[in-house]
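The sequence lines fix the lettering, A, B, ..., with proteins before strands; numbering per chain opens at 1. Quick note: numbers below take in every heavy atom, side chains included, and nothing from hydrogens, waters or symmetry partners.
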There are 2 protein chains.
Amino acid sequence: MSDPLVQNTRKPTVNDIARVAGVSLATVDRVLNGRSGVREATIDRVNCAIAELGYVRDTAAANLARGRVYQLVFLLPETNNEFVVSLEREIDDQTIPMALDRTRARKVLLPPFEPEALVAALDDLDAATNDGVAVFGPETPAVCEAVNRTRARGIAVVALVSDLPSSERDHFVGIDNVAAGRTAAQLMGRFLGGVGDVLVITGSHLARDHVERRTGFDAVIAEAFPNLKVVSVIEGRDDSDAVRQQLPGVFKTFPNLSGIYSSAAGNPGLVDFLNDTSAGHRLTVIAHDLTNTARSALETGVFDALISQNEGHLIRSATRLLKATADNRPFDHTQERIRTDIYLKENMPPV
Amino acid sequence: MSDPLVQNTRKPTVNDIARVAGVSLATVDRVLNGRSGVREATIDRVNCAIAELGYVRDTAAANLARGRVYQLVFLLPETNNEFVVSLEREIDDQTIPMALDRTRARKVLLPPFEPEALVAALDDLDAATNDGVAVFGPETPAVCEAVNRTRARGIAVVALVSDLPSSERDHFVGIDNVAAGRTAAQLMGRFLGGVGDVLVITGSHLARDHVERRTGFDAVIAEAFPNLKVVSVIEGRDDSDAVRQQLPGVFKTFPNLSGIYSSAAGNPGLVDFLNDTSAGHRLTVIAHDLTNTARSALETGVFDALISQNEGHLIRSATRLLKATADNRPFDHTQERIRTDIYLKENMPPV
DNA sequence: TTGAAAGCGGTACCAA
DNA sequence: TTGGTACCGCTTTCAA
């Protein structure tokens, strides 16, 4: 083999193609970019040359010549929950590095758990000024159809954090939430020595990620820990106050709780309650996402473990995937896989 | 503010600088690249223009013009231990994506635990043909001095996996191994309910990462688990056979072992022994690195948890850091932080 | 349907 | 000490 990418030989350029195919640069470009106005026969000649030479386009040079800037949009729920806020901050922090990479990302905040708003926002995107969009929102048929329309208009779409598998989104950027729930259950079971009553705090039955986490959690409890029981489930709608208000009732009904799986947002409400009743230290608490609240709860021993996904990685990965899809360029699947992180006090990354 | 990187205004180019400073392109280039032959006064004028315009060099365009190819070297121990092998494979797998990014990485395998070989390899690197080197090896004074010489010659140096803090290496790419050891101890303690006798398998006292892991492990046992005891420590030199051979003796002396912390390589030897004696399932075993052996041991319940660092991330991060250092460009610290991963069966990423 | 040539943001050679 | 200019790999306008 003499793959020029692997060997020390110079990489073939458009000029090489032109020479080999016996055509001009302009024609090579037309074929390369699928522009019309080239005879079939000529197209074939050029494609042969491309194949023969093992040509791979230099994206940097192409973007330079084009003066291209990738315009991306992030559709996020408008909420003050810490995970989403840090997702936003991550986008802001990436502004300059992205700009150096010919990429501009815009945030659009939408009322949470409202499919209509999401649909409207998607339908509002003009393909002329938008290359790609990352969607973090509920999976409903209307949303999926809007996603499909967006793609049909030529805008790349990735689902962020919560998947939209019933749509034709290009990619999903986030963790396997069933696996996350399973992981939480395994930790809970091991930490509790396999016995005890557990409370699960979930967010919304509309949020696919929340539902999946519960599914996973319940499955492992059932499979592996016969003496562990989920005695109560509360729905906190990702709202600290809502969580806070429901807890006293639960503890009155089940005074012997030994574990809590906080599978969504609203942890400040939980921590607040646990500190007030000083129940935190005798309970095993497993929560999601390395937020400031979770960090300090882990630090003080109120939380025992955290399941998390790295916000920086989510944003960078979504960005890379949208750009690659927009150019329909290949990408490194292993690099784009978001890991389901487990954090104990000991392996928390420094802030 | 009118930062052109953030605003929609066009980014300033060398031409803008030339115009504003009233000099030619060539002079701007001289100043930008610190080339000699420019009057002080002119240099100042150009620098003023640069500052005033908020100019940031377009690295892609610069590299295109220069025909630059980054030449990187990875110095790795020559061993068949799975972690190192998968590090090598990762380098191989990155060959094509790197080539597309004007980067060529070369592996050099050296006899393990032999500082002299490492020193010789470093001193052998020609700055004319090498932009950066990643070093995975023991920290000895001779090695540190060689690292310093290499840097002095103008080659970027990062320590990989095992830090070289006594040297002037540009960066360390790897996890905090003390934290990794602490994490292992915390898991061990929780999984064992805080009581039991534990065996620690280490690699070599010459390897800084191995020593640090033990330090962290011992510290948490001492701090948090008074009824947990490290009753024996064996040094396996990252060699499966060596590990395998020492185990029967340990188990004869301490038949009541309830946990094993395998803090280095050589896991095939350990798994082999555990399967033979069918001791695996009553012991709590915590090991390092998501290798194939570890994967299947986790799957079958022979291992209970894994501490790991992502090989792909290690290689990509080392590569980005070496290139950024070579160009002395800034980089995103949070992106380059290697996480100390915890894997249970439930959150193992698919192969 | 095709080609010549200018230009994207830099670099570097050669001449002045 | 300085400037003019060709060129890196690719795109795009204009003319043929």
Review point. Is Arg68(A) positioned over the aromatic face of Tyr70(A), cation under 6.0 angstrom from the ring centre and no more than 45 degrees off axis?
Key: yes
**Study point:** dT1(C) OP1/OP2 closer than 4.0 Å to side-chain N/O of Thr42(A)
**Key:** no
Check your understanding: Base, sugar-phosphate, or nothing: which does Val28(A) touch, judged by heavy atoms less than 4.0 Å apart?
Key -> nothing
Exercise for review: State plainly whether the residues Asp327(A) and Arg57(A) are in salt-bridge range, i.e. N to O under 4.0 Å.
Suggested key: no
Review point. Can you give one letter per nucleotide of nucleotides 7-16 of chain C, going 5' to 3': B for a protein heavy atom under 4.0 Å from the base, S for sugar-phosphate only, - for none?
Key: BBBBBB----
Check your understanding: Is it true that Arg89(B) and Asp93(B) have a side-chain N and a carboxylate O under 4.0 angstrom from each other?
Key -> yes
**Study point:** Contact under 4.0 Å: Thr27(B) side-chain N or O vs dT2(D) OP1/OP2
**Key:** no
Check your understanding: Does a salt bridge link Asp332(B) with Arg320(B), judged by any charged N lying under 4.0 Å from a carboxylate O?
Key -> no
Exercise for review: Flag the pair Lys323(B) and Asp131(B) as a salt bridge only when some basic side-chain nitrogen lies within less than 4.0 angstrom of an acidic carboxylate oxygen.
Suggested key: no
